[in-house]
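First up is the structure itself, then whatever we jot down about it.
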Amino acid sequence: MDAANKLGTYVPHFCYHKKLSIAANCRMCLVEVEKAPKPMPACATPVSPGMIVRTHSDKAVAAQKSVMEFLLINHPLDCPICDQGGECQLQDLAVGYGKSNSRYEEEKRVVVPKEAGPLISMEEMSRCIQCTRCVRFGQEVAGVMEFGMVGRGEHSEITTFVGKTVDSEVSGNMIDLCPVGALTSKPFRYSARPWELQRRKSVSPHDSLGTNLIVQVKGGKVMRVLPLENENINECWISDKDRFAYEALDNADRLVKPMVKQDGKWIETEWQTALEYVAHGLRNIRHEHGADSIAAVATPHSTVEELFLLQKAMRGFGIENVDFRLRQSDFALDGAVVPHLGMPIAELSALKRVLVVGSFLRKDHPLAATRLRAAVKSGAKLNIVHGSDEDNLIPTAGRMIVSPSEWLAALSGIVVAVAAAKGIAAPAGFEGIEASDAAKAIAATLVVENAADLPGAVLLGNAVMQHPQGSALHAAAQWIAEQTGAKFGYFVDAANTVGGYLVNAISNNAANLFAQPKKAYVLLNAEPELDAANPQQAIKALQGAEMVVAMSAFKHGMDYADVLLPISPFSETAGTFVNCEGRAQSFNGTVKPLGETRPAWKVLRVLGNLLGLSGFDYENSESIRDEALGKGVTDLSSKLNNVAKLAPTSAKFGHEADLKLERLADVPIYFADAIARRSEPLLRTADAQAPLATISHKLAEVLGVQAGDMVTVQQGEGSATLVAAIDKRLPANVVRVAAAHQLTSSLGAMFGPISIEKA
């Protein structure tokens with residue numbers, strides 16, 4: 001099969017897929033091999049020297065036609081009402097290899113529909129041809145077997161485990177893999193025909209991979225999102241967040257007209273009025289309280305063009321308080337480091353030794369996890385230092401699961417163990433540190449003789465970027481990477497985190513912009529009550545401000561904002577995202593802006609003009625991009641740097657009796673950005689359930705709490721009442737409470753002291 005593909009010779013097939021193992025169970029690819037007694041399956045027959053294969057001889061075609069006849073015996077032949085009609089492999093091949101009538105007149109078999117959750121529809125499993133692509137995808141790529149085959153012969157069928165739904169964060173790829181209409185997309189079902197859709201290229205606005213997308217449009221509305229194959233980035237997969245988040249693009253929450261608050265009531269207004277109101281307000285506040293009393297806050301899901309113009313407009317107006325790093329709390333590395341992956345994404349699959357620190361890997365970076373899963377299958381050793389023992393569905397060589405305040409102590413142990421394994425001195429200040437057995441085991445997998453032949457990487461997750469000791473963790477991890485000859489980098493948290501650094505959308509005084517409350521805030525795509533490291537602090541600052549301008553695609557912040565300006569989400573604007581490896585990818589809008597919505601770069605350009613600033617006469621987004629990144633530049637990795645000149649500092653483990661309760665906050669996969677957290681299908685998944693207060697077995701005994709009881713969690717002045725869950729693998733003093741959710745937005749910092757009691 002592979003040899004034929006290389007020559008451009010097509011062999012019909014159903015079960016074969018280049019990314020999956022060989023099953024050879026559809027038999028559609030039978031070919032004639034000289035000297036073989038009968039036709040052979042092309043997918044499972046290895047080539048050998050001098051072999052002569054005929055793919056289109058009479059014998060081969062006769063075999064292929066008879067297989068097609070068998071496949072169609074029980075197939076319902078309901079193409080007119082099938083969702084897959086028009087892009088169905090079976091339909092296409094039946095034209096070439098099928099007969100015009102069937103010799104079988106018995107009743108066709110019927111398969112009972114199954115329930116697989118809110119994303120995948122299994123209503124028409126009678127169409128299934130048992131190619132098992134979905135089963136193999138689950139086992140080999142997603143790492144979890146959620147579909148399997150039961151029964152034999154005519155009674156065999158694909159099904160889920162009894163009473164279970166499909167919950168993988170990459171499950172939607174099974175819909176693409178299905179060569180017939182058995183597995184279809186539940187949200188897209190019966191809403192359009194493939195030939196009615198226009199296909200447009202785009203880039204994912206969610207995680208930091210920069211996944212390439214095909215956005216399919218009908219009548220000015222996004223109907224479906226599919227993967228655009230790019231071996232260097234996302235291969236041929238996309239995560240469910242990339243696939244189904246589009247459902248939020250025209251929901252009831254969309255902001256479609258500029259709105260101004262007068263006497264506590266919201267009224268719709270014209271763009272001109274709203275923007276003049278903003279310019280006038282900013283002028284007044286600067287005049288009365290000085291430029292330092294104004295701050296602009298964005299999210300790293302904004303495009304390069306938007307972040308560049310935001311900081312240009314603010315700095316032109318004398319305001320230095322501009323930042324997009326809302327969840328960061330340690331700014332000691334400012335100016336020294338531009339965090340990025342430190343290697344091409346494709347190289348993740350080829351690593352042989354890996355240390356991942358502080359990452360909810362599967363949920364933060366689903367497609368990076370599939371690459372590391374592939375690497376481990378090929379013999380890589382994966383080690384993890386984290387605050388909870390996540391099931392990444394990847395066999396893990398070594399792990400140290402300790403509370404967030406002890407991550408530095410865990411890395412200190414690994415530093416000492418690496419130094420001992422290499423026979424070199426540990427850095428100054430590490431004399432009193434003893435390496436635990438777990439640290440020695442991790443060091444043993446990282447320190448190898450032939451480091452050049454066994455590529456390694458030390459990778460820092462989102463939780464390290466958000467950690468109050470982020471710079472110290474960076475320094476220790478960097479030392480480990482340098483001494484073991486491994487690459488060093490960050491997964492980084494959002495679609496354009498790297499781009500935000502490159503266009504300098506960061507404040508020089510490196511402080512949390514909500515810690516010292518300002519008189520005015522300009523918010524770009526940001527919902528601080530969900531996006532900030534300390535939502536309690538953020539809400540207090542916003543409610544105390546004289547003016548808050550929210551530029552957003554959705555209605556939010558109605559209680560603290562004074563002006564709402566409707567700006568376009570990624571599907572309605574042109575822009576550029578720079579992914580974690582430093583690759584700039586530009587995209588165009590796929591549909592017209594909804595209602596009075598305008599692209600944010602146009603809004604900021606007009607605002608710049610109204611504030612009387614020069615250099616705000618851009619005709620299109622490309623001219624902004626060229627000014628921000630340089631003309632025609634797509635590979636920006638030379639401008640990025642992960643290496644800090646910070647000497648590593650050590651820390652020791654505390655005594656268990658002295659440890660105070662502390663919070664570990666994850667950002668749930670479907671609440672990380674404004675679009676995903678409003679997508680109906682995603683909000684019905686298991687990953688979008690209300691946050692729990694997860695505690696250790698030990699702590700549960702002390703509190704007298706059982707799983708399912710209500711508990712009250714308190715931080716600072718705020719508290720939340722949540723359902724308790726018990727995780728035996730959690731460190732004794734850790735309370736895991738998710739951030740970025742309405743239920744927990746009254747709490748304080750993502751890391752730090754927390755108290756909990758039975759409600």
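Bear in mind that the values here come from a model prediction, so they are computed numbers and not experimental data. For reference, positions follow the sequence shown, starting with 1.
Annotation: F488 is in aromatic contact with H474 [ring centroid separation under 6.0 Å]. Separation of the Y521 and F514 ring centroids falls under the 6.0 Å cut-off. The six-membered or imidazole ring of F324 lies away from that of H301, with a centre-to-centre distance of 6.0 Å or more.
Rounded to the nearest 0.5 Å, atoms CD1 (I567) and CG (L604) are 7.5 Å apart. Of the inter-residue distances, the one linking E305 atom CD with S621 atom OG reads 5.0 Å to the nearest 0.5 angstrom. With rounding to the nearest 0.5 angstrom, the OG atom of S571 is 11.0 Å from the CZ atom of R200.
One finds no salt bridge joining K519 and E288 here, because no Lys/Arg side-chain nitrogen approaches an Asp/Glu carboxylate oxygen to under 4.0 Å. With salt bridges taken as basic N to acidic carboxylate O contacts below 4.0 Å, one links R327 and D531. A salt bridge is defined here as a Lys NZ or Arg NE, NH1 or NH2 lying under 4.0 Å from an Asp or Glu carboxylate O, and R325 with D493 fails to meet this definition.
Side-chain contact annotation: T211 with S204, donor-acceptor N/O pair under 3.5 Å absent. In this structure, a donor-acceptor pair under 3.5 Å is present between the side chains of D635 and S637. Looking at N251 and E680, their side chains never bring a donor and an acceptor atom within 3.5 Å of each other.
R678 forms a cation-pi arrangement with F554, by the criterion of a distance under 6.0 Å to the ring centre and an angle within 45° of the ring axis. Figure legend: R663 and F751 shown without cation-pi pairing, the cationic atom not lying both under 6.0 angstrom from the six-membered ring centre and within 45 degrees of its axis.
Among residue pairs with one or both ends in residues 568-603, those qualifying as ring-ring contact (aromatic ring centres under 6.0 Å, His included) are F577-F587; sequence neighbours excluded.
Qualifying side-chain hydrogen bond (donor to acceptor under 3.5 Å, both in side chains) partners for R684, counting only residues two or more places apart in sequence or in other chains: none. Listed by chain and number, the residues in a side chain to side chain contact (heavy atoms under 4.5 Å, CB included) with D626 are K631 (sequence neighbours excluded).
For K363, the NZ atom is densely surrounded, since the number of other residues' heavy atoms within 6.0 Å is greater than 12. Heavy atoms of other residues, nucleotides or ligands lying less than 6.0 angstrom from NZ of K639 number more than 12.
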